[in-house]
Amino acid sequence: MDFNVKKLAADAGTFLSRAVQFTEEKLGQAEKTELDAHLENLLGKAETTKLWTEKIMKQTEVLLQPNPNARIEELVYEKLDRKAPSRLNNQEQLSQYMIDAGSEFGPGTAYGNALIKCGETQRRIGGAHRELVQTGAINFLTPLRNFIEGDYKTISRERKLLQNKRLDLDAAKTRLKKAKVAEARASQLHPPEPERDAGFMVWTDEVTKAEQEVRITQSEFDRQAEITRLLLEGVSSTHAHHLRCLNDFVEAQMTYYAQCYQYMLDLQKQLGSFPSTFASNNNQSSLTTMQSVSLPSISASGPLPAASNSVVTSGFSELKAASGNRKARVLYDYDAANSSELSLLADEVITVFSVPGMDSDWLMGERGNQKGKVPITYLELLN
């Protein structure tokens with residue numbers, strides 16, 4: 001019990017001495033031992049590394065998991081050392097909706113079939129994204145988190161210990177300085193043999209004790225400074241390790257985006273050509289002309305790309321050569337780009353006719369009182 005009380009008293013005295021020294025330094029009433037420039041640079045480098053590592057880590061987490069609630073849930077399960085329940089990611093959820101909608105509209109319709117194909121592609125993209133998240137977490141996020149929660153915490157602990165050793169050293173220097181001033185005053189009060197004066201001898205002893213304390217605290221400070229310096233120099237190795245992890249993350253992203261590109265390229269090819277049977281009415285037994293048509297990319301602000309000669313059927317050629325009109329079924333929805341065009345809905349029937357001087361890829365369409373240009377690639381002439 002005595003030992004604990006004495007230790008507690010000693011710790012309290014040390015804490016008070018450090019607090020007094022720190023306060024006097026802030027008030028400019030005490031000198032402060034400055035760290036060497038190399039150590040200061042290392043400390044700044046470590047602090048900067050910690051700051052940017054935290055920002056990069058948090059934003060990478062947002063990139064891989066945009067849902068904040070899901071991130072919190074995953075963090076809670078991680079702290080509890082339990083596996084988080086599996087859930088659909090955004091692409092997989094969209095895939096499910098598209099496939100369900102396509103099944104509801106009917107796989108035999110152009111829109112339903114396209115939705116199902118898009119849904120299947122989104123599901124593949126969702127699987128690729130799941131792999132990206134897993135690879136990014138293991139190869140990139142985990143090393144960054146290990147630095148923040150491991151290496152930097154050790155650096156911070158040793159840096160705080162260095163600060164305490166520095167305060168102890170400066171407090172000892174301050175006591176030595178005060179003891180020497182008191183000794184000098186005592187020698188002036190009792191010349192010419194101050195060594196025989198009791199007061200002078202007391203201050204001489206205090207100077208000796210203070211000098212010994214300065215030597216001890218200086219040694220402890222130098223030792224702690226060396227330990228801190230060695231840890232801080234390891235930050236360069238951390239940078240090299242994080243660079244390798246960054247390369248792994250970039251490679252994972254490259255693989256993911258290459259997969260997405262290939263999946264979408266395959267999807268575009270599938271959507272680029274629909275058999276006209278997809279546009280047929282379920283109540284109609286047959287159509288005289290059944291031909292695959294190319295579905296061009298539509299820009300909201302640009303004109304329709306020119307169709308190939310194979311798409312323009314003989315029926316359209318005859319219609320353009322004649323002066324009459326024909327009925328045509330709309331194969332796909334089309335949004336008019338400007339007031340001179342006519343918007344179309346899939347499966348509706350409109351009247352079309354040719355106008356002299358009109359582009360070969362367009363006809364004039366008429367629906368009731370509405371009239372405007374329509375692309376022939378979206379039409380199928382009826383008998």
Would Glu92 and Arg130 satisfy salt bridge (charged side-chain N to carboxylate O under 4.0 Å, His left out), going step by step from the backbone distance to the final call?
CA-CA 10 Å; Glu92 292 169 336; Arg130 192 176 292 276; 2.5 Å; yes
Intermediate values then yes/no, side-chain contact (heavy atoms from CB on, under 4.5 Å), Asp347 and Val330
CA-CA 5 Å; Asp347 292 333; Val330 177; over 6 Å; no
For Asp266 and Gln262: C-alpha separation, side-chain torsions, deciding distance, then whether side chain to side chain donor-acceptor pair (under 3.5 Å) applies.
CA-CA 6 Å; Asp266 294 341; Gln262 187 59 51; 3.0 Å; yes
Lys58 vs Glu54, test: salt bridge (charged side-chain N to carboxylate O under 4.0 Å, His left out). Steps then yes/no.
CA-CA 6 Å; Lys58 290 179 180 178; Glu54 282 183 332; 5.4 Å; no
Let me see the working for Asp170 and Arg166 under salt bridge (charged side-chain N to carboxylate O under 4.0 Å, His left out), right down to the final yes or no.
CA-CA 6 Å; Asp170 288 339; Arg166 201 269 306 162; 2.7 Å; yes
Take Val374 and Leu344 through the side-chain contact (heavy atoms from CB on, under 4.5 Å) test and state the conclusion after the steps.
CA-CA 8 Å; Val374 294; Leu344 304 175; 3.7 Å; yes
For side-chain contact (heavy atoms from CB on, under 4.5 Å), just list the numbers for Val352 and Asn325, CA-CA rounded to whole Å, side-chain angles, deciding distance to a tenth of an Å, and then say yes or no.
CA-CA 6 Å; Val352 293; Asn325 54 42; over 6 Å; no
Between Gln370 and Arg367, does a side chain to side chain donor-acceptor pair (under 3.5 Å) hold up when you go through it step by step?
CA-CA 5 Å; Gln370 296 179 326; Arg367 182 203 307 115; 2.3 Å; yes
Show the numbers, then the answer: is there a side-chain contact (heavy atoms from CB on, under 4.5 Å) between Thr228 and Leu161?
CA-CA 9 Å; Thr228 306; Leu161 188 56; over 6 Å; no
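Listed here is the closest heavy atom pair of Gly126 and Asn89: O-ND2, 2.9 Å. In terms of heavy atoms, Leu132 sits closest to Leu64 at CG-CD2, 4.1 Å. The heavy-atom pair separating Thr217 from Leu169 by the smallest distance is OG1-CD1, 3.4 Å. For the pair Lys173 and Thr33, the tightest heavy-atom approach, listed with the atom from each and the gap, is NZ-OG1, 3.3 Å. Ala328 approaches Leu381 most closely through the heavy-atom pair CB-CD2, 4.0 Å. Across every non-hydrogen atom of Thr351 and Lys327, the tightest pair is OG1-NZ, 3.0 Å.
Note that the CD atom of Gln163 and the CG atom of Asp168 stand 10.0 Å from one another [nearest 0.5 Å]. The CD atom of Gln122 sits 7.0 Å away from the CD atom of Gln91 when rounded to the nearest 0.5 Å. To the nearest 0.5 Å, the span separating NZ on Lys373 from CH2 on Trp362 amounts to 5.5 Å. Atom CG in Leu176 sits 12.0 Å away from atom NZ in Lys178 (nearest 0.5 Å). Rounded to the nearest 0.5 angstrom, Ser95 OG and Leu115 CG are separated by 11.0 Å. From Ile99, atom CD1 reaches atom CG of Leu94 across 9.5 Å, with rounding to the nearest 0.5 Å.
Each of Arg229, Lys153, Gln224 was compared with Glu158 under the side chain to side chain donor-acceptor pair (under 3.5 Å) criterion, and only Gln224 meets it.
The hydrophobic cluster containing Leu141 also contains Leu63, counting ILVMFWY residues as joined when their side-chain heavy atoms lie under 4.5 angstrom apart, directly or transitively. The hydrophobic cluster containing Val355 also contains Ile350, counting ILVMFWY residues as joined when their side-chain heavy atoms lie under 4.5 angstrom apart, directly or transitively. Under a hydrophobic-cluster definition in which Ile, Leu, Val, Met, Phe, Trp and Tyr are linked whenever side-chain heavy atoms come within less than 4.5 Å, directly or via other members, Met57 and Val133 are assigned to the same cluster. Using a 4.5 Å cut-off between side-chain heavy atoms of Ile, Leu, Val, Met, Phe, Trp and Tyr, with links allowed through other members, Leu231 and Phe221 fall into the same hydrophobic cluster. Under a hydrophobic clustering in which Ile, Leu, Val, Met, Phe, Trp and Tyr are joined whenever their side-chain heavy atoms come within less than 4.5 Å, directly or via other members, Leu88 and Tyr256 fall into different clusters.
In terms of the side-chain hydrogen bond (donor to acceptor under 3.5 Å, both in side chains) criterion, residue partners of Asn338 (sequence neighbours excluded) are, by chain and number, Ser340. With sequence neighbours excluded, no residue satisfies ring pair (Phe, Tyr, Trp, His ring centres under 6.0 Å) with Tyr263. For Phe249, the ring pair (Phe, Tyr, Trp, His ring centres under 6.0 Å) partners are Phe140, not counting sequence neighbours. The ring pair (Phe, Tyr, Trp, His ring centres under 6.0 Å) check on Phe105 picks up Tyr111, with sequence neighbours excluded. Applying the side-chain hydrogen bond (donor to acceptor under 3.5 Å, both in side chains) test to Asp333 and every residue at least two apart in sequence or in another chain returns nothing.
Between the side chain of Ser343 and the backbone N or O of Ala336, at least one donor-acceptor pair lies under 3.5 Å. Between the Glu341 side chain and the Ala337 main chain, a donor and an acceptor come within less than 3.5 Å of each other.
Residues Met264 and Leu267 are in side-chain contact: their nearest non-hydrogen atoms beyond the backbone lie under 4.5 Å apart. Within the 4.5 Å cutoff, no side-chain heavy atoms of Arg326 are placed close to those of Phe353. With contacts defined as side-chain heavy-atom distances shorter than 4.5 Å, the pair Val235/Leu42 does not qualify. The closest side-chain heavy-atom distance from Ser360 to Ile376 is not below 4.5 Å. For the pair Leu43/Leu232, a side-chain contact is recorded, criterion being any heavy-atom separation below 4.5 Å from C-beta on. Residues Leu51 and Lys55 form a side-chain contact, since some pair of their non-hydrogen atoms from C-beta on lies under 4.5 Å apart. Residues Glu233 and His38 have side chains in contact (heavy-atom distance under 4.5 Å, counting atoms from C-beta outward). A heavy-atom distance below 4.5 Å is found between the side chains of Ile56 and Leu144.
Salt-bridge check for Arg175 with Glu211: failed, with every basic side-chain N at 4.0 Å or more from each acidic carboxylate O.
Within 6.0 Å of atom CD in Glu251, 12 or fewer heavy atoms from other residues, nucleotides or ligands are found, so the atom counts as exposed in its surroundings.
Applying the side-chain hydrogen bond (donor to acceptor under 3.5 Å, both in side chains) rule to pairs touching residues 40-53 yields Lys45-Ser236, Glu47-Tyr152, Thr49-His239, sequence neighbours excluded.
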